[in-house]
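Naming convention: chains lettered A, B, ... in sequence-line order (proteins, then strands); numbering from 1 in each chain. As the structure is a computational prediction, the values presented were derived from the model and not from experiment.
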Amino acid sequence: MTLQVRQIRKEFITRSGSLPVLCGIDLDLDSDKSLAIMGQSGSGKSTFLHVLGGLDKPSSGKILLDGLDPLAMSETDLAHYRNQKVGFVFQDHHLLPQCTVLENVLLPSLLGAMPKNEVIQLAKDLLARVGLENRMDHMPSELSGGERQRAAVARALIMRPRLLLADEPTGNLDKRNAENIMRLLLKLHEEEKNILIVVTHSVDLAKLFPRVMAMDDGILAEALSSN
Amino acid sequence: MIDKNAIPAIILKATIQVRDDQDCLVTQISSAQVVAVPEEFWKDEVKSAQWKNLKGAWLNNQAAMGLKISEKQNVVLRIEKPSAIPRESFLGNREDVVDSMTLEVEKVLDRSDKYASFNLFPGMDVPSTIFVPLQLVQEKLGVTYKINSILSGKSGLQDKFRSLLTLSDYELTFKGPEERTLDLFAKFDRDKNQVLEKREYQGKIPAKLVPLLQSQSGAIDLESVRKFFHSNRNYYSIESSQMLVSPNLAQKAGNLIQEMGLQSSQIMVYLANNIQEKDNIVPYSVIAGIDSTLQGKLGVNFAANERFGQRIWFLDWNESPLKPAIGDTVGLEYFLPEVVGKPIEKKDSFQFAGYIPADIKLVDPEITPDFPGITDKLTLDSWNPPFPYDNKRIKPRDEKYWQDFRSVPKAFIDIDVAKNLWGSRFGKITSIRVYPANAGFPSGFAADFQARLLNSIDPSSVGFVFQDLRARFQQSSQSGTDFSGLFVGFSFFLILSALILVALLFRLHLERRASQVGTVLALGATQKQVASLLLREGQLVAGLGVLLGLGVACVYAIGLLQYLKSYWPDNSLQQILKLHIPFSTLCLGFILAFLMSVAAIFRTSRTLVKTSIMTLIKGGYLDSTVMVSKKPLLLLINGLLLLLLGLGMLFLPSSQDHELKALKFFGAGGLALTSGLFFLGAFLRYVQKIMVFGNGLDGLIRLSLRNMARNKTRSLLTAGLLSSAAFLIIAVEPFRKEADVNTGKNSGTGGFNLVVETNIPVLSGLDGPSGIETILDGVQKSNRGNPQRAGQQVDRFKKVLKGVQVYSLRFNPGDDASCLNLFAPSKPRILGVPNSLQQRGGFLFSATSEAKENPWNLLDSSNPLVNAFVEKNTLEWMIHSGLGKDYKIQDGFGKNQLLKFAGLFQGSIFQSEILIGESQFLKFFPQQQGYQYFLIDAVSNDLSEIEEAFKIGLSDYGAKVSKSKDLVERFASVENAYLSMFQGLGTIGLLIGTMGVAAVLARSVWERRSELGLLSALGFTQGDVVLVMLMEHALLLFLGLGIGTLAALVSVLPLEQATSTRWGVLALLQAGMFFFGLMVCVASLWSIRSDNFVAAMRKE
Amino acid sequence: MSFSLEQFVVKTARFHLKGNLAVLMGVVIATASLTGALLVGD
């Protein structure tokens, strides 16, 4: 299982002309591999992640995940791709406030079609693994910031995606929680054997990853260890 | 018997009066109905039992309230006396027109009692009714065993009814020798011994006839009379109790006689006041016009000696002073057969052509029909005729003639001449005789003939017709004022506004949840799925909303009706307008509202889910890709096209069809409105590009415009809401009628101050000095118990009535055709316009079929159709027709006649009726006699005095006096009531619109709190910030209202109302709406003035 | 425990009550105008 990215470009069209954000990104990752991407704000790293996750379309380029090309898919197929192949963790947890923690985790499964009892059990397991077994029936408003993000992580994994993406998942958390979340992500990545790509602006957190790359002005390059 | 459940009745229009102890008038109701019924009428046992021995009357609630009386008080009923002989014929009784009955009110029927609203004619008001026992009325009017109505719950009785009618029901008698024999004895044989003794017949049977009737013994017994009549008077005679046989019946009888192979003979008998030959005069003589058949029987032939002109034959009676030679001129003086006012004498000359022997065997007295007051009098001297009669002119020789011959005619002329001179609209002959063929009458002839004659007469031609009341009421109520089309049209805009509001609110709501929607999409939901989820949520809300809305709708409908009732000029609406809530309508409303709301929600949802996921997650607002992504040029072109289309609609051929007119109006307006929104859309697109710079107001306006352009769809929706509201309010205003202050001759009132209608016809009209006399007479009679007061009033009124001019019009009753009557007029009232009014002219015409100096002259024409005038509004809205179109009415014989609308009044007093020329009126309705509608032209200072004079003076005729100005205003105010209702709708629309603006404003502020915080941080004061927000929305208000107003003007411009528009009022309305909207914005902003924007910014 | 899309819809509707009430009000007004017009016109 591999992820192949070829010459991804993206431009934003504004009133004063076009603004290039991604300028030809290439990447290869095998499964079981994890990657941290660093860069300054506005460098395009979030945009790249969105493209990988099927949340945004590039101007040109190709992506292949296990032989699937999301860029060539119809809107419906792309939705399935997002649902089943990708798990996304946002900076703001984006949990739905009207559902309980368990229901939030189950939400992706409603949209896809998975046998019910099986998935409920899986959800409960996941929540246990992220340490929220006692908070299953609570509403997001009753959780702390760190707990919410952990719930978001559980949600991202409920469909056992091949690609787990996290866009500054610790941006709103304090140092201790941040480190916990990162470690959690890595641990679950190892257990699930998926591809994990995390965007972060923290050097300390990036150091936790075996491979680090840097995005600068739309170009992705291997980070030099001294940075 | 027609049907065992059928109820005989007498139903009449009457005046009910309350008089005081001195027999002076206290109050009266002039158009009440008398319902005289037997006890079987009441299906209620209690009532039925009470009715049995009743000697008084029962009133309904309406009557009791109108008279301000209660039980145990007395009322006086004034009814027109029935008269067989038409009052306008010279033999008609013109004096004794009104009959009165004093009755005690034994009971008042409460409003809830179903009998209290007994009514045979669809109309707005419950009539004031007095219930009287049938027998009492029959006795009083002298019509025992006669009725004028049959009430039945069954249908299909017309045939049975027809089969039960006899000739006497048609006022006809059919008598042969046997009947005449029996009649004679019935009249004179007082001791019923079948012998007429001298004391019994002396002076009553012509002396010359007596010897011929005597038997051998010298007595006049049944057998001898019978023998005489069968031998010498072997004919049947058809006569009418109305004196004249109507032309219709005469023709039917004539045809039948011919069919049966018999001989018929027509006779026209008349009375000459004088027969003069040189200086010799014979007064008050019967003259007969006879045809060749009778001539033959008398042994003469009038056709011989053609060279003499109008010829006359005398009966050769001994004592006659007239001894002309053949060819001598003979003068005849007689009254004209039709009388209006006073009988008019006419003189005619004839040539004497010969004598007819005075053989009473041949020339029989039965040529002359019976006439009480003349033919039943013993002497000439004691005659009591209804025309002016001077018995001092009677000489002994005249009395001798009367003794010898009685009613045998003294002179004879040809029947055709007689018909020409003495025929009238009531008829041209007095009797038809049937003579047998050679062998005499076949057995059973009488019965056979009568049956066949009856068969050939259609009862409906004399008004004997069963009317299906239920059908009539239903039809009337259905096709009445149909403004539902208009109402739906106006409501359409309102409904559109409400739907736009739904879309707007939903949109605002969704925008708040944008990030959630984005999240769900990110988690792998398809756009369809998310849209479906949103839709389901929307359906839930819509379903609940619609259910609640149905409840509110009922309250709204009730409220609207109440509003209309309060604006209606009188109370008639209160009683009859009740809300009817059919289940089917509620279902329809449910379905439509649900579908439309869901559609609005669906549309918005779809747009939302098509936005890019990241934009949604970041909480970005919608920016519709549908309309505004198009280039401004495209929008402009679209807008222009729509505008042209809208303007094009205005140039469609105008029609009278209301649906079409409404379509044009709303279509043009709607298109103009939409095009305006397109223009706005293009403008916003353009505005997006402008730079924000500059100082002060200019800069602020630019900023506002840019802000407005930021969320185009939201701005357009809001503008759409406002423009709809503005359209509703502005479009209606030009239609408002202001009562025409002009009251001159060429205005709606025609220069007349008062209009008087009476129940009972005033036979000679009220024109001229004799009219004033009639009124003063009436004043006298009204105060008959108090001569002093009578004298005072007469003096008072004499002075004010001096300069008064009255025009009397003929009147045929029918349904009120004005817009005050919500029921459709199936048989409208008809007025006959006299020449005097035609010549006077006046009134305001909006259009006539031909241009004439005096448009009233159009009434003269009847070629090929009879011309008629009608009020424009009545024609359009109640009769649903137009100028130059035909209209069918039923004449007095039930026959259909066609009228053509040749002139339209504008804002006149004639909103309830149709006008035709008087001569035409009399052709259609010959039985309508006298005048019941009067126009009064008086000096306005004494108007209230004059009003009172007419009210009191004509109280016995049941007069209703109205000021013409009031009438015109009343009609105008009905239109205004409808308009006020429409404007009420507009106001609701405006409220909806401003709600939308407020919602948008609140949302804007919340969304842009960080932006506003930035402005604060940059040095804008709180006041400046508020001003910016206000300016932006004020601009939106201005543009939205402006588009709506312009669209309204587009709709109104081609209509004639455009010129009379009160522009000042419109400007005021505009300013009002703008100000209102602004206030709402300020109120909305006021609540957030203390919010800390900077903190919000920091959070971002 | 059960969690279906229907339940989700209901929860969401309830959560956004205020906004939904606003929309409800709009629908009530629309229905009232429409049905009211039909009733009165009748």
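Other residues, nucleotides and ligands place more than 12 heavy atoms under 6.0 Å from the CZ atom of C:F15. Heavy atoms of other residues, nucleotides or ligands lying less than 6.0 angstrom from CZ of B:R536 number more than 12.
Only the side chain of B:L501 comes within contact range of chain C, with heavy atoms under 4.5 Å apart. In this structure, chain C has heavy atoms under 4.5 Å from both the backbone and the side chain of B:L592.
Among B:A593, B:G545, B:G559, the residue with the largest count of heavy-atom pairs under 4.5 Å with chain C is B:G545. Contact count versus chain C (heavy atoms, under 4.5 Å) is highest, among B:G538, B:G549, B:A542, B:G589, for B:G549. Between chain B and the residues C:I29, C:V10, C:N20, C:T12, the largest count of heavy-atom pairs under 4.5 Å involves C:N20.
The salt bridge (Lys or Arg N to Asp or Glu O under 4.0 Å) analysis of residues 978-1000 of chain B, with sequence neighbours excluded, yields no pairs.
Annotation: the span from B:S597 atom OG to C:L24 atom CG amounts to 10.0 Å, rounded to 0.5 Å. To the nearest 0.5 Å, atoms NE2 (C:H16) and CG (B:L510) are separated by 9.5 Å. Note that CG of C:L21 and CG of B:L505 are 11.0 Å apart. Values are rounded to the nearest 0.5 Å. Taking OG1 from C:T31 and CG from B:L499, the interatomic distance works out to 8.5 Å, rounded to the nearest 0.5 Å.
When all heavy atoms are compared, the tightest approach of B:L533 to C:V9 is CD2-CG2, 3.6 Å.
With sequence neighbours excluded, the residues forming a ring pair (Phe, Tyr, Trp, His ring centres under 6.0 Å) with B:F727 are B:F493, listed by chain and number.
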